[in-house]
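Take a look at the structure set out below.
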Amino acid sequence: MRVPLLSSMIRYHSPHFSATFLWAWVLLLSHAATLGDKVADHPNVVIIYADDLGYGDLSCYGASALKTPRIDALAKGGLMFTDGHAAAATCTPSRFAMLTGQYAWRRQDTGIARGDAPLIIPPDTFTLADLFKQAHYTTGVVGKWHLGLGPAGGADWNGVIQPGPLELGFDYAFLIPATGDRVPCVYVENHRVVGLDPEDPIQVSFKERVGSEPIGAERPDLLTMHPSHGHDRTIINGISRIGYMSGGTAARWNDENMADDITDKALEFIERQSKKPFFLFFSLHDIHVPRVPHPRFRGQTAMGPRGDAIAQTDWCVGQIMDKLGEKGLAENTLVLFTSDNGPVIDDGYKDQAVEQLGEHHPSGPFRGGKYSAFEAGTRVPWIMHWPAGIAHGRSAALVSQVDLIASFADLLGQRLDDESSPDGQNMMMALLGKDPIGRKELVLQARSLSLRRGQWKWIEPSRAQAFNRQTQIELGNHPDGWLFYLGDDLGESRDLKEDYPGIVTSMQDSLDRIRGQKRDPK
Ligand code: NG6
Ligand code: CA
């Protein structure tokens, strides 16, 4: 049984009463007391989860080719992390790990989910939403889901769509079921497709063609945005997607309005809350492909749709902050802004992202990008903003989204049993800016697994492809592995495995041990 921080410290430290221990104990106790005050406050919690947004994509993280004033304001008034990580370099495993506290690589079928995948989190799993429910919060998820819906065999798009987030602890859900580039291109609110005409039922397939609608591969003349790789099946709103869909015509989303649609739902959710604290997982679609920001953002940057989608992301954040301000909730709402994986420039559509990139560096100082075991795959923007509970500043602590359940459990004074959040560690002190170190060891997932230990990083050997020509991303796979010391080599340019074979052995041993066990060492 995991116990709240304060009691665990007393239990652990009281038998050893040396002066050093006493001092450490007093210090920690004062931290715990501060934390204790905040527990009483039970802040509202909003996670704003951008999609494919890179470490270098925001002006507060050093981008100079565009401006993100509302996110910069969050960073200025909050705590900006420089070593914050998504659990994986793609969306589905990152979301799985964040919502369950379990590394996705421990389980089958947690790779990038198809649009018709069944729910990949078993409904009896203890989730981040369950944690907030247990603490008497109202919980909601709005936006991109991409964790599958429905039973084995897939969802009934024309009927009651379950299990889904409502069976995982969320009180309310308004979803983009998978991604913007995958069918079905309809929203799901709670258990049903929004605006579905029963006379025009939806059919979805990722294997064979359904219905008679044109596909991108055959009718490029109908396209307003052309694929660069993949994405050449059913055409919806002039954009060909991954997978086949027919029917549901009246229910189909309008890509230009997507950010407005989901932001409206997030604002309505906040508006509905009054007495109880709430937890909102606001999962943006931007800046994933297809990048179709609303026309009012067109030309806001010189980078075309990818840059304009970042401007749109900034607007979404501003809307949430304005609403919290309007409701008098800004002070005691903890807003975590982060991303599900690193950046990609060409992810399958000819949207000028490559041509108009200019001097902008979506990966910041890091190597690789989305899909990559190099740092940019998982190192993402991470800002914690909570005026009542977190002092503003910067933190270089190593933190991961896999730890959110264990960390929020501490903040909310909730107990977790052994089955819950099996890979999560309580990092609340780091998240509050009171521990500058964070994780001692952390596993990161791309095609190869990596282990971080302090500033050392070991990417284990893998024969998988080293470079993806379509996305032009270095994937970080190497048959002999890579060892880097990020302390003076953020860009992972000097492989040290020949120089430090002892560190290689020791880090591979740790990785094997973690892989072989159910729990991380606490
Ligand atoms: C890839 C898609 C890519 C994107 C990704 C998922 C192709 C060629 N590429 O398979 O466009 O959709 O899956 O992105 O189909 S994620 O951020 O949701 O993980
Ligand atoms: Ca993503």
Side-chain angles (χ1 to χ4, degrees), residues 55 83-113 120 339-342 363 366-380 398-404 406 421-425 427 438-468 473-486 489 492 495-497 500-522:
Y55 187 96
D83 206 355
H85 291 259
T90 51
C91 163
T92 303
S94 283
R95 284 155 203 260
F96 179 93
M98 183 169 81
L99 291 183
T100 66
Q102 182 178 40
Y103 289 133
W105 45 263
R106 292 202 193 279
R107 298 184 68 105
Q108 297 283 310
D109 300 324
T110 53
I112 297 171
I120 67 167
S339 176
D340 68 340
N341 53 250
S363 297
F366 304 110
R367 187 170 176 182
K370 179 175 180 177
Y371 310 107
S372 178
F374 289 129
E375 227 18 42
T378 59
R379 199 186 292 211
V380 287
L398 176 61
V399 292
S400 165
Q401 293 164 11
V402 76
D403 293 329
L404 290 187
S421 180
D423 290 306
Q425 297 181 10
M427 288 293 134
R439 275 272 192 162
K440 295 205 169 53
E441 286 189 330
L442 175 68
V443 180
L444 296 161
Q445 175 182 1
R447 180 68 177 73
S448 327
L449 294 186
S450 310
L451 183 79
R452 277 286 303 275
R453 183 191 284 165
Q455 293 304 314
W456 287 102
K457 175 168 171 185
W458 168 240
I459 304 177
E460 71 173 349
S462 164
R463 301 207 163 272
Q465 188 190 26
F467 181 75
N468 185 285
I473 288 176
E474 291 186 290
L475 299 174
N477 305 309
H478 189 290
D480 302 321
W482 302 93
L483 180 71
F484 299 111
Y485 185 72
L486 301 172
D489 182 25
E492 293 167 291
D495 180 14
L496 301 174
K497 65 175 173 290
Y500 295 93
I503 293 183
V504 169
T505 308
S506 153
M507 290 185 78
Q508 184 64 51
D509 284 352
S510 281
L511 198 48
D512 292 341
R513 173 178 46 76
I514 295 167
R515 203 197 314 263
Q517 72 187 172
K518 222 176 148 210
R519 291 184 147 285
D520 267 346
K522 290 287 181 302

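As the structure is a prediction and not an experimental result, all values here were calculated from the model.
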Closest heavy-atom pair and its distance - [X], [Y]:
{"X": "Tyr103", "Y": "Val443", "result": "OH-N, 3.2 Å"}
{"X": "Thr378", "Y": "Ala89", "result": "CG2-N, 3.8 Å"}
{"X": "Glu441", "Y": "Ser510", "result": "OE2-OG, 2.9 Å"}
{"X": "Ala104", "Y": "Ala97", "result": "N-CB, 4.4 Å"}
{"X": "Asp423", "Y": "Asp403", "result": "O-OD1, 4.0 Å"}
{"X": "Leu511", "Y": "Leu449", "result": "CD2-O, 4.2 Å"}

Okay, side chain of [X], backbone of [Y]: is any donor-acceptor separation there less than 3.5 Å?
{"X": "Arg452", "Y": "Gly454", "answer": "yes"}
{"X": "Lys497", "Y": "Gly481", "answer": "yes"}
{"X": "Arg107", "Y": "Gln102", "answer": "no"}
{"X": "Gln465", "Y": "Phe467", "answer": "yes"}
{"X": "Asp495", "Y": "Leu483", "answer": "yes"}
{"X": "Ser363", "Y": "Ala376", "answer": "no"}
{"X": "Ser94", "Y": "Ala86", "answer": "no"}

Have Trp482 and Glu492 got a donor and an acceptor in their side chains that come within less than 3.5 Å?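 Per modelled atom types, Trp482 and Glu492 side chains form no pair under 3.5 Å.
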Under a plain distance cut-off of 3.5 Å, with no hydrogens placed, do Arg453 and Ser506 share a side-chain donor-acceptor pair?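 Looking only at side-chain atoms, Arg453 and Ser506 do form a donor-acceptor pair, the distance falling under 3.5 Å.
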Going by side-chain contact (heavy atoms from CB on, under 4.5 Å), Gln401 matches just one of Arg95, His85, Met98. Which one?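 It is Met98, the one option of Arg95, His85, Met98 that forms the side-chain contact (heavy atoms from CB on, under 4.5 Å) with Gln401.
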According to salt bridge (charged side-chain N to carboxylate O under 4.0 Å, His left out), who are the partners of Arg447, at least two apart in sequence or on a separate chain?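 Per chain and number, Arg447 pairs via salt bridge (charged side-chain N to carboxylate O under 4.0 Å, His left out) with no residue.
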Separation of [Y] [atom2] from [X] [atom1] (nearest 0.5 Å):
{"X": "Tyr371", "Y": "Asn468", "atom1": "OH", "atom2": "CG", "answer": "8.0 Å"}
{"X": "Ser450", "Y": "Phe484", "atom1": "OG", "atom2": "CZ", "answer": "9.5 Å"}
{"X": "Leu398", "Y": "Leu444", "atom1": "CG", "atom2": "CG", "answer": "7.5 Å"}

What pairs with Ser462 under side-chain contact (heavy atoms from CB on, under 4.5 Å), at least two apart in sequence or on another chain?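 Listed in chain order: Ser448, Ala464, Asn477.
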Verify whether the ring centers belonging to Tyr55 and Phe366 lie closer than 6.0 Å.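 Yes - the distance between ring centres of Tyr55 and Phe366 falls below the 6.0 Å cut-off.
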